[in-house]
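Lettering follows sequence order; numbering is per chain, from 1.
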2 protein chains.
Amino acid sequence: MTNPQPILEYIKKHVDLTAEEEEILLSKITDRRYLKNQYIVQQGDICKTINFIISGCTKMFYVDEEGQEHIIMFSVEDWWSSDLGSFITQTPADFNIQCLENTQLIQFSYDHLEILYKEIPKLERLFRKITERAFVASQKRVVRNFSLSAKEQYLTFKNTYPKIEQRVPQYMIASYLGITKEFLSKIKSQLIQDQ
Amino acid sequence: MTNPQPILEYIKKHVDLTAEEEEILLSKITDRRYLKNQYIVQQGDICKTINFIISGCTKMFYVDEEGQEHIIMFSVEDWWSSDLGSFITQTPADFNIQCLENTQLIQFSYDHLEILYKEIPKLERLFRKITERAFVASQKRVVRNFSLSAKEQYLTFKNTYPKIEQRVPQYMIASYLGITKEFLSKIKSQLIQDQ
DNA sequence: AATAAATGTTAATCTAGTTTAACATCATTT
DNA sequence: AAATGATGTTAAACTAGATTAACATTTATT
């Protein structure tokens with residue numbers, strides 16, 4: 001393990017760990033580096049790990065029957081990045097996760113996480129809270145899809161994730177928003193004219 | 001408590017409870033009946049309970065600035081029905097939950113649930129799993145919004161929740177799908193002609 | 001520096017779904 | 001049984017966003 005500090009800090013913000021528990025935890029996680037464009041999970045594979053990003057950036061996306069790519073989420077430092085549906089049921093993934101930059105991860109494998117839940121039960125609480133927040137975020141996204149125009153959704157994205165906008169090409173942001181790159185381009189030129 | 005059996009059965013499907021734990025649990029939950037059209041939570045209130053439906057049917061929705069109602073989910077027997085975002089943060093709710101039929105609930109109040117987590121830690125695991133599944137369902141809904149036409153979304157809804165379709169007026173299904181009632185009507189008449 | 005590959009823009013045409021408005025049917029109350 | 005309110009249908013006119021296609025700019029590679 002080269003650099004477990006960020007994950008320990010993240011976890012300690014939510015639960016207190018004894019020195020012994022910390023040691024158990026470190027023995028069950030893996031440090032992993034991926035290069036830009038490498039896949040962490042591929043559609044159809046079983047997602048074997050939950051991934052915490054130490055540095056870098058990923059996109060989670062799926063490819064529809066027409067070969068069209070749809071981005072579900074971006075993840076950066078201190079975020080999680082997994083196909084949770086595949087992970088919790090250990091069935092084939094609906095999504096791909098690919099690195100947009102060189103990326104360093106901490107990985108919790110399915111089996112090791114089950115052991116950790118047994119040995120450090122308060123981790124159940126941690127992951128319950130993480131999942132609760134993820135659920136709420138996803139539900140908010142459903143709401144945005146419902147009630148905001150593409151322009152409003154773009155502005156919301158810009159405000160909510162200003163750093164991601166600068167790290168990611170515009171056509172991927174369009175894909176995340178569920179619009180075409182041409183239409184996002186039009187929205188941006190409208191916004192420039194408006195002001 | 002008139003009828004705690006369904007919630008006990010539900011919980012016991014996921015975790016084993018000792019007789020003592022069962023008693024603690026029962027002492028911390030509340031049985032509550034609502035009439036058709038009554039609100040369980042209102043937008044702006046703090047959602048004080050997580051609700052498990054024994055019988056009946058609810059809709060969760062919000063009203064946008066134009067006064068337009070948008071249904072986020074329906075819930076029926078053996079499902080949960082809460083504004084989880086408001087509940088976990090104990091801040092004002094984004095959503096209303098209203099009964100579409102006379103509805104009987106088991107309610108877990110925020111404070112009682114925290115006590116239950118302390119006294120029966122394995123409930124953390126249960127609620128972690130419940131939330132994981134809710135998250136995956138919500139993410140699937142985002143995907144459907146992205147890649148399916150209104151007609152395909154309607155057919156998916158019909159297949160996934162055949163019972164709900166029969167219990168709920170069509171204009172509410174249109175709202176759930178994010179389309180107008182007029183357009184759903186058109187889709188239905190197209191489907192009849194197609195076959 | 002030259003070329004190729006990736007990313008971004010503009011504009012014309014098209015379409016899925018909205019809006020409006022009038023009417024039809026069904027259920028509930030008196 | 002009549003009347004009221006809730007739910008559902010049809011059709012014409014409209015709009016947000018998609019599609020297509022050609023071109024512009026930036027970045028990476030030789």
Spacing between [X] atom [atom1] and [N] atom [atom2], to the nearest angstrom:
{"X": "B:N37", "N": "C:dT28", "atom1": "CG", "atom2": "P", "result": "13 Å"}
{"X": "B:L184", "N": "C:dA16", "atom1": "CG", "atom2": "C1'", "result": "15 Å"}
{"X": "A:Q190", "N": "C:dG8", "atom1": "CD", "atom2": "C1'", "result": "16 Å"}
{"X": "A:K186", "N": "D:dA18", "atom1": "NZ", "atom2": "C1'", "result": "10 Å"}
{"X": "A:H70", "N": "D:dA18", "atom1": "NE2", "atom2": "P", "result": "11 Å"}
{"X": "A:K188", "N": "C:dA11", "atom1": "NZ", "atom2": "P", "result": "18 Å"}
{"X": "A:I179", "N": "D:dA16", "atom1": "CD1", "atom2": "P", "result": "14 Å"}
{"X": "A:E66", "N": "D:dT20", "atom1": "CD", "atom2": "P", "result": "11 Å"}

Residue pair A:L35 / A:N102: nearest heavy atoms and the distance that separates them: CA-OD1, 3.4 Å

Of residues 145-175 of chain B, the positions that come close to DNA chain D - non-hydrogen atoms, cut-off under 4.0 Å: B:P169, B:Q170, B:Y171

As an exercise, state the distance from CG of B:L17 to CD1 of B:I120, rounded to the nearest 0.5 Å. 6.0 Å

Ring-plane angle category for B:F127 and B:Y117, please: parallel below 30°, perpendicular beyond 60°, tilted otherwise. perpendicular

If the plane angle is over 60° it's perpendicular, under 30° parallel, otherwise tilted; pick one for B:W80 and B:F52. perpendicular

Partner of B:C57 under side chain to side chain contact (heavy atoms under 4.5 Å, CB included), picked from B:E77, B:K163, B:R167, is B:R167

Can you give one letter per nucleotide of nucleotides 19-27 of chain C, going 5' to 3': B for a protein heavy atom under 4.0 Å from the base, S for sugar-phosphate only, - for none? BBB------

Applying a strict under-4.5 Å side-chain criterion to I, L, V, M, F, W and Y, I'd like to know whether B:Y39 and B:I53 cluster together. yes

Does the distance from a Lys or Arg side-chain N to an Asp or Glu carboxylate O, for A:K122 and A:E21, drop under 4.0 Å? yes

State plainly whether the residues B:E132 and B:R128 are in salt-bridge range, i.e. N to O under 4.0 Å. yes

For the residue pair B:E165 and B:Y154, confirm or rule out a side-chain donor-acceptor distance under 3.5 Å. yes

